[in-house]
Trainee: 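Take a look at this one; I'll ask things after.
Proteins come first, then strands; the chains are lettered A, B, ... in the order of their sequence lines, and each starts at number 1. Atoms considered below: every heavy atom in the structure, side chains included; atoms not considered: hydrogens, waters and symmetry mates.
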Amino acid sequence: MCLENTALVAGRHLSFSLLPIGAGDTRQYAEVKRDFQARPEEMSMRYALERFIAEIKDAILATGKVPADLIEITTPKPNIPADRTFVTFKAAKALGIDPNRLAADLAATLTLPPDSLIGEVSASGPFLNFSLHPQRLAATVLEEIMASGTAYGTLTDGAGRTVVIDYSSPNIAKRMHVGHIRSTIIGQSLVHIFRALGYRVIGDNHLGDWGTQFGIILAAMQRYGRPQSEGEAAMAELEALYTRYNAEMKDDPALEEEARRWSLALEQGDPTARALWQWCVDLTLRAAQRNYDRLGIRFDYAYGESFYEPMLPGVIEEALRSEAAFRDVDGAVVAELDKLPRFIIQRSDGGTVYMTRDIATIKFRIQEFNPSHIIYVVDARQELHFRQLFAIVRAMGYAHNVELVHVPFGVITTPDGQPLSTKKGNMVYLEALLDEAVARARALVDAKSPDLSPEERAAIAEAVGIGAVIYNDLYQDPRRNITLDWDRMLSIEGNSAAYLQYSHARCRSILRRAAEEGVGSETPDLTLLTHPSEQRLIRHLARLPEAVREAAARYAPFVIADWCYATAREFGIFFEQCPVLRAEPPALRAARIQLVAATATALQNGLALLGIKAPERM
RNA sequence: GGGGCUGUAGCUCAAUGGAUAGAGCACCGACCUUCUAAGUCGAUGGUUGCGCGUUCGAGUCGCGCCAGCCCCGCCA
């Protein structure tokens, strides 16, 4: 592997797409969603909206006019004055009646249980609209949030099941650059989201710590000496050593031979080679850890490619025995599956490849963790690789009950659409990226909040700068390419991390003041929260659990980002329209304080799912 | 040549086959002696790349085009 190659691609080693790929096909959200819907016996009915929907279904069912399997409840567009809708077209057709009439009949005959979360029911043409009961909703949702605290939004759908998430995957002896942050950030958010859904989550950093390039790296370190520095500087030195050796090797066959000897020595477990390699791995991981700590990245394991080395002969033998692959005339072991391009799992010289190690990795993960899903957060350019990988493991008889998912993401480009690369000299490395983001955030904080202590300003700048980097990666569908545009990334208005954090800080500010002034200790009357902006905010807060479910079903953290943003906007409107500390009567004031507290909690939870910190003050 | 992804307002993006396609940025205008103006409100802005089809209903599903990016290595 050469530097030029790897520079262009990101994560998963050759620095190389969000649809689950099962047996070579892609599936749509609606199909995938079924996998994530709570099984009836596990439905806790904990959250207000789940109960609301269940009540709607029960009420329709109780009329005896529509069988259960024809009752499908949808969420109407915001311009429709309803919270959920039964669209009657399909049911009416199946029953042979007019949709408008069915809706009208149901509206006329429905009866609601006492204390129902359903407020109003009305037919609008073929749409049967259900609205939440404002007062009961307010009381229910706020009590849920206050009772759950940091657990608000968590579910039990995944209880007893395990997912393995493969993300970040930096290369040993190389700096982490912008290409690695996407996998790292998206992967970590998916870890949070699946944990929130109740899954046991195994986060595994599949290090690029093996392969022929280590022959060159080891030979170069031996010849020119090891790097003396630490962190990214040390990585830069290693890259320089590699480049220098690689260049000199072209004119000197002896150097090439030496590199080959080191490569062989490493594979055969030579103690000197192993020690030098391990030193290199440790150095890289120490450097990476500084970035991981700042980004809040935590893995459960970091089995690198090298870990799977002993399993490879067995894997190749199994592939042959199961006839998933065959030995070609020149001795290589190849596979041709599902009309995919032919690929190799053992070279004619007996060596193994990336694919071989990935097959072993799946086998190991299934044996070790018994997961329901294995999720790969890897660059879209490796889509074919994963289709081939998933095809061969199925052909080998593995993973029958395991959803193998590749979450693909697009590349990062400069604002004018140029790819970042070392060759072009416009590469941005992760440490520098984080430093720059924090420095820019610091200038903002200094300008906006000069009254805060320097220590607090530094802490806020770190949260805002890092938050901006994370949000830049999570606010949209991962499949899209993103641009490295400092102005947009560090934007503090509109759909930005800073706006979300600011909204949370405003909530906290009100709560601090309430405590300082000793107001709001009266018994709140949550049923007084009937102002349109209060109701909109409350309805939105109620949706966090379903946002978590959808984010997992789509492997899409941006669903959470969207929820956070909408929450911040609703809060902003409420903040303008409804005084809190000066509200009268006191029971309303106390209720609004609770609403603010619930908003802060829910927003903080949402941001946590993205891996973004929520400062108390900004 | 084969395959994949993307195409929605000037720009960046949303929209579970459903009702009038929504936000932010930019631009123009309004609101701070009242809880953080990193905010809020208003105005402007659309033939959802093109065509045909399926459907009671298509930005969404199918087929065919067009454009951009990507993949098709005994590299990772």
Trainee: So, do A/Leu340 and A/Leu384 sit near enough that their side-chain heavy atoms are less than 4.5 Å apart?
Mentor: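 Contact flag for A/Leu340/A/Leu384 side chains = yes.
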
Trainee: Answer with yes or no whether A/Asp562 presents, from its side chain, a donor or acceptor under 3.5 Å of a partner atom in the base of B/rA15.
Mentor: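 No, the side chain and the base share no sub-3.5 Å donor-acceptor pair.
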
Trainee: Take atom OH of A/Tyr565 and atom C1' of B/rG22, then tell me their distance rounded to the nearest Å.
Mentor: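 So the two atoms are 11 Å apart, to the nearest Å.
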
Trainee: Could you work out the separation of B/rA67 and B/rA30 based on their C1' atoms and round it to a whole Å?
Mentor: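 The same atom, C1', in both gives a distance of 42 Å.
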
Trainee: Across the strands shown, which category fits A/Val353 at heavy-atom distances under 4.0 angstrom: base, sugar-phosphate, nothing?
Mentor: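 The residue A/Val353 makes sugar-phosphate contact but no base contact.
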
Trainee: Under 4.0 Å between any heavy atoms, over every strand shown, what does A/Arg357 touch: base, sugar-phosphate, or nothing? Just pick one.
Mentor: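 It contacts sugar-phosphate atoms only.
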
Trainee: Is A/Glu305 close to A/Tyr354 at the side-chain level, that is, under 4.5 Å between some pair of heavy atoms?
Mentor: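 Answer yes - side chains close enough.
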
Trainee: If you measure from the P atom in B/rG46 to the same atom in B/rC11, how many Å do you get, rounded?
Mentor: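 Between the two P atoms, the distance is 12 Å.
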
Trainee: What does A/Ser503 touch in the nucleic acid at a heavy-atom separation under 4.0 angstrom: a base, only the sugar-phosphate, or nothing?
Mentor: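 Touches nothing.
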
Trainee: Would you name the heavy atoms of A/Arg488 and A/Thr483 that are closest together and state the gap between them?
Mentor: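 That closest heavy-atom pairing would be NH2-OG1, 3.0 Å.
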
Trainee: Would you check if A/Phe127 stacks with the base of B/rA19, given a 5.5 Å centroid limit and a 30° plane limit, both strict?
Mentor: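 Stacked: centres under 5.5 Å apart, planes under 30°.
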
Trainee: What nucleotide among B/rU36, B/rU16, B/rA23 has an atom nearest to a side-chain atom of A/Arg569?
Mentor: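 Selected nucleotide: B/rA23.
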
Trainee: Where the side chain of A/Glu383 is defined as all heavy atoms beyond and including C-beta, which of B/rA15, B/rG18, B/rG4 is the nearest nucleotide?
Mentor: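 Of all the options, the side chain of A/Glu383 is nearest to B/rG4.
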
Trainee: RNA chain B: stems of at least 3 consecutive Watson-Crick or G-U pairs, cut-off 3.5 Å?
Mentor: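 When the pairs of RNA chain B are grouped into runs of at least three, the stems are B:1-7 with B:66-72, B:10-13 with B:22-25, B:28-31 with B:39-42, B:49-53 with B:61-65.
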
Trainee: Provide, to the nearest angstrom, the distance between the CD atom belonging to A/Gln382 and the P atom belonging to B/rC75.
Mentor: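 In whole Å, B/rC75 P and A/Gln382 CD are 15 Å from each other.
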
Trainee: Output the rounded distance in Å from CD (A/Gln476) to C1' (B/rU6).
Mentor: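 For the pair A/Gln476 CD and B/rU6 C1', the rounded distance is 12 Å.
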
Trainee: Check A/Gln346 against A/Ile344 and note the closest heavy-atom contact, atom names and distance.
Mentor: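 Shortest heavy-atom separation between A/Gln346 and A/Ile344 comes out as O-CG1, 3.3 Å.
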
Trainee: For B/rG18, is there a stacking contact with A/Phe89, counting only centres under 5.5 Å and planes under 30°?
Mentor: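 The base of B/rG18 is stacked with A/Phe89 (centres under 5.5 Å, planes under 30°).
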
Trainee: When the C1' atoms of B/rU55 and B/rC63 are compared, how many Å lie between them, rounded to an integer?
Mentor: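 Comparing C1' positions in B/rC63 and B/rU55 gives a spacing of 16 Å.
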
Trainee: Contact class for A/Phe575 (heavy atom, under 4.0 Å): base, sugar-phosphate, or nothing?
Mentor: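 Base contact.
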
Trainee: Counting just side-chain N and O atoms, does A/Arg480 come under 4.0 Å of either OP1 or OP2 of B/rG7?
Mentor: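 So the side chain of A/Arg480 is within the cut-off, an N or O lying under 4.0 Å from OP1 or OP2 of B/rG7.
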
Trainee: Using a cut-off of 4.0 Å on non-hydrogen atoms, how would the nucleic acid contact of A/Ser124 be classed: base, sugar-phosphate, or nothing?
Mentor: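 Base contact.
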
Trainee: Contact class for A/Pro579 (heavy atom, under 4.0 Å): base, sugar-phosphate, or nothing?
Mentor: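 Counting heavy atoms under 4.0 Å across all strands, the contact made by A/Pro579 includes a base.
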
Trainee: Between atom CZ in A/Arg381 and atom C1' in B/rC75, what is the gap in whole Å?
Mentor: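 Nearest whole value for this atom pair: 14 Å.
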
Trainee: Does one side chain, of A/His504 or A/Arg508, offer a donor that lies under 3.5 Å from an acceptor on the other?
Mentor: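 Distance-only check passes for A/His504 and A/Arg508.
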
Trainee: Quantified in whole Å, what is the C1' atom distance between nucleotide B/rU48 and nucleotide B/rC66?
Mentor: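 Comparing C1' positions in B/rU48 and B/rC66 gives a spacing of 16 Å.
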
Trainee: Mind checking A/Thr483 for me? I need base, sugar-phosphate or nothing, with any heavy atom below 4.0 Å counting as a touch.
Mentor: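 The residue A/Thr483 makes no contact with any strand.
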
Trainee: Please report the closest heavy-atom contact between A/Tyr167 and A/Asn205, naming both atoms and the distance.
Mentor: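 A/Tyr167 and A/Asn205 have their closest heavy atoms at O-OD1, 3.4 Å.
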
Trainee: NA contact type, A/Lys339, heavy-atom cut-off 4.0 Å: base, sugar-phosphate, or nothing?
Mentor: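 It contacts nothing in the nucleic acid.
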
Trainee: Quickly work out the A/Leu537 CG to B/rU40 C1' distance and round it to whole Å.
Mentor: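 One finds 15 Å between C1' of B/rU40 and CG of A/Leu537, rounded.
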
Trainee: Checking all strands, does A/Ile80 fall into the base, sugar-phosphate, or nothing category for heavy-atom contacts under 4.0 angstrom?
Mentor: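 Here A/Ile80 touches the bases of the nucleic acid.
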
Trainee: Kindly say if A/Arg554 contacts the phosphate of B/rA15, meaning a side-chain N or O under 4.0 Å from OP1 or OP2.
Mentor: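 A/Arg554 to B/rA15 OP1/OP2: side-chain N or O found under 4.0 Å.
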
Trainee: Contact class for A/Asp451 vs. all strands (heavy atom < 4.0 Å): base, sugar-phosphate, or nothing?
Mentor: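 Nothing, no heavy atom under 4.0 Å.
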
Trainee: Rounded to whole Å, how long is the line connecting atom CD of A/Glu72 with atom C1' of B/rG18?
Mentor: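 After rounding, the gap between these two atoms is 11 Å.
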
Trainee: Looking at A/Ile345 and A/Thr356, what are the two nearest heavy atoms and their distance?
Mentor: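 Scanning both residues completely, I find the closest heavy atoms to be O-OG1, 2.5 Å.
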
Trainee: Can you confirm whether or not the ring centre of A/His206 sits under 6.0 Å from the ring centre of A/Tyr308?
Mentor: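 Yes.
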
Trainee: Under 4.0 Å from OP1 or OP2 of B/rA37: is there any side-chain N or O of A/Arg506 that close?
Mentor: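 Yes, A/Arg506 has a side-chain N/O under 4.0 Å of OP1/OP2 on B/rA37.
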
Trainee: Would you say CZ of A/Arg101 has more than 12 non-hydrogen atoms from neighbouring residues, nucleotides or ligands within 6.0 angstrom?
Mentor: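 Not buried by this count: 12 neighbours or fewer within 6.0 Å.
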
Trainee: More than 12 foreign heavy atoms under 6.0 Å from CZ of A/Arg536: is that the case here?
Mentor: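 Atom CZ in A/Arg536 is not packed in, count stays at 12 or less.
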
Trainee: Can you check whether A/Arg479 has a side-chain N or O nearer than 4.0 Å to OP1 or OP2 of B/rU6?
Mentor: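 Yes, such a contact exists.
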
Trainee: Classify the nucleic acid contact of A/Cys578 as base, sugar-phosphate or nothing, counting any heavy atom under 4.0 Å across all strands shown.
Mentor: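 A/Cys578: base contact, heavy atoms under 4.0 Å.
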
Trainee: Return the value, rounded to whole Å, for the distance between atom CD1 of A/Ile560 and atom P of B/rA14.
Mentor: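 Going from A/Ile560 (CD1) to B/rA14 (P), I get 15 Å.
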
Trainee: Between B/rG22 and B/rG64, how far apart are the two C1' atoms, rounded to whole Å?
Mentor: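 Here B/rG22 and B/rG64 have their C1' atoms 31 Å from each other.
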
Trainee: Within less than 4.0 Å of OP1 or OP2 of B/rC75, is there a side-chain N or O belonging to A/Arg347?
Mentor: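 Yes, A/Arg347 has a side-chain N/O under 4.0 Å of OP1/OP2 on B/rC75.
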
Trainee: Please report, rounded to the nearest Å, how far the P atom of B/rC11 is from the CG atom of A/Asp485.
Mentor: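 Interatomic distance, CG of A/Asp485 to P of B/rC11: 15 Å.
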
Trainee: Which part of the nucleic acid does A/Pro78 contact within heavy-atom distance under 4.0 Å: base, sugar-phosphate only, or nothing?
Mentor: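 It contacts nothing in the nucleic acid.
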
